[in-house]
Trainee: 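Below is a structure I'd like to ask you about.
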Amino acid sequence: MTTAIFPNDQRAQLEQLYAAMRPEGLAPLWEVLAALVSPTPQSPAVAHHWRYDDARRHLMRAGDLISAEQAERRVLILENPGLPDQSAITPSLYAGLQLIQPGEVAPAHRHTQSALRFVMEGEGAYTTVDGERAVMRPFDLVLTPSWQWHDHGNETAQPMIWLDGLDIPTVRHFAASFAEKTEAPVQARLVPDDDSLSRYGRNLRPLRGSIADRRPASRPLFHYPYAEWRRSLADLAVGAPDPHLGHALEFINPADGGTVLPTIAAQVQLLPAGFTTRPRRASDGAIHVVVEGTGTARIGDREVSLGARDIIVVPSWTRLELSADSDLVLFSYSDRAAQQRLELYREDRL
Ligand code: GTQ
């Protein structure tokens, strides 16, 4: 807390007032106003870099020590060093690396927190969302919208690891967490696998006759396969890159063209070999994952080298400049969706 400057006698009398009113739940705004209403964002989060291989080693060890069923979710939380013990990678968002070993099931539950999964390794394991399975491949994006039942399973012979991105700290901020479990750990399959991808994933939507659609009309799609988004990015990359973003595409909700989740926006970008972005800063706190290539991220006064599957966090209003050694493909998610809905979002292209 910052302390305002006052002459000594005034300060002494003010302190007496504060002491007298504190037990009655009263506090002076003038002591804290400058910190509360700062001219620019003052994030308690710091820039940080997780090397995938290092995180993976600890995750595999956890896999030896505890089962997915026992843990309910076997996840290593990516905790921002500026937000210790808060299970947060930014003030509003959560990130974790989840491991499902061959034959394991992470049992069905649902909660008000919205989630995305970005597959880091493994092929053929599934997430079932409200009775529909999405079979996952590396670098697929899969959503679990608020209050939809989800269980994860791996019937393949390889471990499956993905990055979980959730709005856990946002929901905690609003004290609006609700969660439920089912009796059976695995949901029944109600429709063919990837049914919603067939219906909504190709720039079409079902014509409604007398049979109502099963999924909520407002958020019908939950699987964005790597093969599809990578092809779009490759086709886009024949043109000139945006100076601040390179070639960038946002994942959208086909129902309204908006962000994939009400709180979380997700995007991919490709920076051609040798390209350096112009610096930019934005009020969203963002998590970036290296999909392909190598390069460098300059985040504020930090510089980190980016290798395969590395993860970085860029706090709000921190200058970011990205350089690609080889063609660099990044996935990222941020709280821009929530900030735009709350009319808070700003960016500054330098
Ligand atoms: O897979 O449902 O990393 O509920 C944290 C909370 C994953 C999940 C997390 C969760 C999940």
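For the numbers below, each heavy atom of this structure counts, side chains included, while hydrogens, waters and symmetry mates do not. In listed order, ligands and their atoms are each counted from 1.
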Trainee: Starting from atom 4 (O) of ligand 1, locate the nearest protein heavy atom and write down its residue, its atom name and how far away it is, to 0.1 Å.
Mentor: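 For atom 4 (O) of ligand 1, the nearest protein heavy atom comes out as His111 NE2, 2.9 Å.
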Trainee: Identify the closest protein heavy atom to atom 8 (C) of ligand 1: which residue and atom is it, and at what distance?
Mentor: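 Scanning the protein heavy atoms, the shortest distance from atom 8 (C) of ligand 1 goes to Arg73 NE, 2.9 Å.
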Trainee: Counting the benzene-type ring for Trp, do His49 and His288 have ring centres under 6.0 Å apart?
Mentor: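 Between His49 and His288, the centre distance exceeds or equals 6.0 Å.
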Trainee: How close does the nearest protein non-hydrogen atom get to atom 6 (C) of ligand 1, and which residue and atom is it?
Mentor: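 Answer, as residue, atom name and distance: Leu166 CD2, 4.0 Å.
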Trainee: Could you check Arg298, Arg281, Arg280 and say which one makes a salt bridge (Lys or Arg N to Asp or Glu O under 4.0 Å) with Glu321?
Mentor: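 Filter result, single survivor: Arg298.
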Trainee: Check contact between Glu72 and ligand 1, using heavy atoms of the residue and a distance below 4.0 angstrom.
Mentor: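 Heavy atoms of Glu72 never come under 4.0 Å of ligand 1.
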Trainee: So which heavy atom in the protein is nearest atom 5 (C) of ligand 1, and how far is it from that ligand atom?
Mentor: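 Atom 5 (C) of ligand 1 sits closest to the protein heavy atom Tyr94 OH, 3.5 Å.
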Trainee: If you measure from each non-hydrogen atom of His109 to ligand 1, which part falls under 4.0 Å: side chain, backbone, both or neither?
Mentor: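 For His109, the contact with ligand 1 is made by the side chain alone.
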Trainee: Phe251 vs Tyr224 aromatic rings, parallel, tilted or perpendicular, using cut-offs 30° and 60°?
Mentor: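 Answer is perpendicular, since the angle exceeds 60°.
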Trainee: Suppose we measure from atom 7 (C) of ligand 1 to each protein heavy atom; which comes out shortest, and what is that distance?
Mentor: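 For atom 7 (C) of ligand 1, the nearest protein heavy atom is Asp164 OD2, 3.3 Å.
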Trainee: Is the ring pair Tyr226/Trp229 parallel, tilted or perpendicular, if the boundaries are 30 and 60 degrees?
Mentor: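 Correct class here is perpendicular.
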Trainee: Can you sort out which atoms of ligand 1 are near Val75, meaning under 4.0 Å from one of its heavy atoms?
Mentor: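 Numbered from 1, ligand 1 contributes 3 (O).
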